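Comments concern the structure below.
The basis for the numbers below is simple: all heavy atoms, side chains too, and nothing from hydrogens, waters or symmetry mates. Sequential numbering from 1 along the given sequence is applied to the chain's residues. Quantities reported herein were computed from a predicted structural model and do not represent experimental measurements.
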Amino acid sequence: MLDTRPLERAMLAAFAELTEGPVADLGCGPGHLTAHLHSLGLDVFGLDLSPAMIALAREAHPELRFEQGSMTALDLEDGALAGILAFYSLIHMAPEELPAVFAEFFRVLAPGGHLLLGFYAGDDPEPQKFDHKVTLAYRWSPSSLADLLGKAGFAEVGQLVREPVEGERFLQAQLLVRKP
């Protein structure tokens, strides 16, 4: 996927450059982005709710650490992470669940730590439901999601919104925030 997505590569590279210390790829799926962040020099591990995804990640990237767990209750000390990647891993969460998730992210990030979110974007200020190949998902306006992150204590660093390419239905967005 990254081979044909230069803007995503650029945001991941910026995230890697800004981040010094342990990083969690939350909702890591088969581990391809965990491996990419590792190739950029980060001390990264992957976490996913699905045992099947963790098995695939471990098989594809045996040199990296992958754990099964939930991003809603991270088994980490307060301030344990320098960075969190949540790339399209929050799209299936109902909007009312996100404040608690963002509070959990804020808890485990050290001051100065960064969070990079990837998500489907839209222009409507309210989250928009849509049918995803797995289950119901949501699109967010970047400004609405940034506001929600701000309420959790995060400060926006930057955002990227790009037009869909072949095979994509919606705008794609990345939002980079920092814990002050």
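Distance CD/Gln174 to CZ/Arg5: 10.5 Å, rounded to 0.5 Å. Note: Ile84 CD1 to Leu76 CG = 8.0 Å, rounded to the nearest 0.5 Å. Within the model, atoms CG of Asp124 and OG of Ser141 stand 7.5 Å from one another, a figure rounded to the nearest 0.5 Å.
Cluster membership for Val44 and Ile54, using ILVMFWY side-chain heavy atoms within less than 4.5 angstrom, is not shared. Under a hydrophobic-cluster definition in which Ile, Leu, Val, Met, Phe, Trp and Tyr are linked whenever side-chain heavy atoms come within less than 4.5 Å, directly or via other members, Leu171 and Phe119 are assigned to different clusters. Following chains of ILVMFWY side-chain contacts shorter than 4.5 Å, one cannot reach Leu64 starting from Val23, and the two form parts of different hydrophobic clusters. The hydrophobic clustering, which links ILVMFWY residues whose side-chain heavy atoms are closer than 4.5 Å, places Val161 and Leu175 apart. Residue Met53 is not grouped with residue Leu85 when hydrophobic side chains (ILVMFWY) are merged at heavy-atom distances under 4.5 angstrom, including chains of intermediate members.
Within a 6.0 Å sphere centred on CD of Glu67, other residues, nucleotides and ligands contribute more than 12 heavy atoms. The neighbour count for Asp123 CG, taken as heavy atoms of other residues, nucleotides or ligands under 6.0 Å away, does not exceed 12. Applying the 6.0 Å contact sphere to CD of Glu63 captures more than 12 heavy atoms from other residues, nucleotides or ligands. For Glu17, the CD atom is loosely surrounded, since the number of other residues' heavy atoms within 6.0 Å does not exceed 12.
The distance between the ring centers of Phe170 and Phe130 falls below 6.0 angstrom.
Considering only heavy atoms from C-beta on, Phe15 comes within 4.5 Å of Leu37 through its side chain. No side-chain heavy atom of His38 sits under 4.5 Å from any side-chain heavy atom of His36. Contact check for Thr72 versus Met93: side-chain heavy atoms found under the 4.5 Å cut-off. Residues Phe105 and Val177 fail the side-chain proximity criterion, which asks for heavy atoms closer than 4.5 Å. Here the side chains of Leu115 and Leu149 are in contact, with some heavy-atom distance below 4.5 Å. Leu56 places none of its side-chain heavy atoms less than 4.5 Å from the side chain of Phe66.
In this structure, the side chain of Glu20 does not engage the main chain of Leu18 through any donor-acceptor pair within 3.5 Å. Checking side-chain atoms of Asp48 against main-chain N and O of Cys28 turns up a donor-acceptor pair under 3.5 Å. Side chain of Glu104 to backbone of Leu74: a donor-acceptor contact under 3.5 angstrom is found. A donor-acceptor distance shorter than 3.5 angstrom exists from the side chain of Lys179 to the backbone of Phe106, with no hydrogens or angles considered. A distance-only check finds no donor-acceptor pair linking the side chain of Ser144 to the backbone of Trp140 [under 3.5 Å]. Using a distance-only test at 3.5 Å, with no hydrogens or angles considered, no donor-acceptor pair links the side chain of Arg178 to the main chain of Val157. A donor-acceptor pair under 3.5 Å is formed between the side chain of Ser89 and the backbone N or O of Leu26.
The shortest heavy-atom contact between Ala82 and Leu109 is C-CD2, 3.8 Å. For the pair Thr34 and Gly46, the tightest heavy-atom approach, listed with the atom from each and the gap, is CG2-N, 3.8 Å. Across all their heavy atoms, Gly29 and Ala57 have their closest contact at O-CB, 3.8 Å. The shortest heavy-atom contact between Leu160 and Leu7 is CD2-CB, 3.6 Å. Across all their heavy atoms, Ala110 and Gly79 have their closest contact at CB-O, 3.4 Å. Closest approach of Ala137 and His92 over heavy atoms only: CB-ND1, 3.8 Å.
Among residues two or more places apart in sequence or in another chain, the side-chain hydrogen bond (donor to acceptor under 3.5 Å, both in side chains) test is passed with Asp78 by Arg107. Remark: Ala94 engages Glu96, Glu97, Tyr138 in a side-chain contact (heavy atoms from CB on, under 4.5 Å) (not counting sequence neighbours).
Within the cation-pi definition used here (under 6.0 Å to the ring centroid, within 45° of the axis), Arg65 qualifies as a partner of Phe45.
Gln172 and Tyr88 are linked by a side-chain donor-acceptor pair at a separation below 3.5 angstrom, with hydrogens and angles left out of the test.
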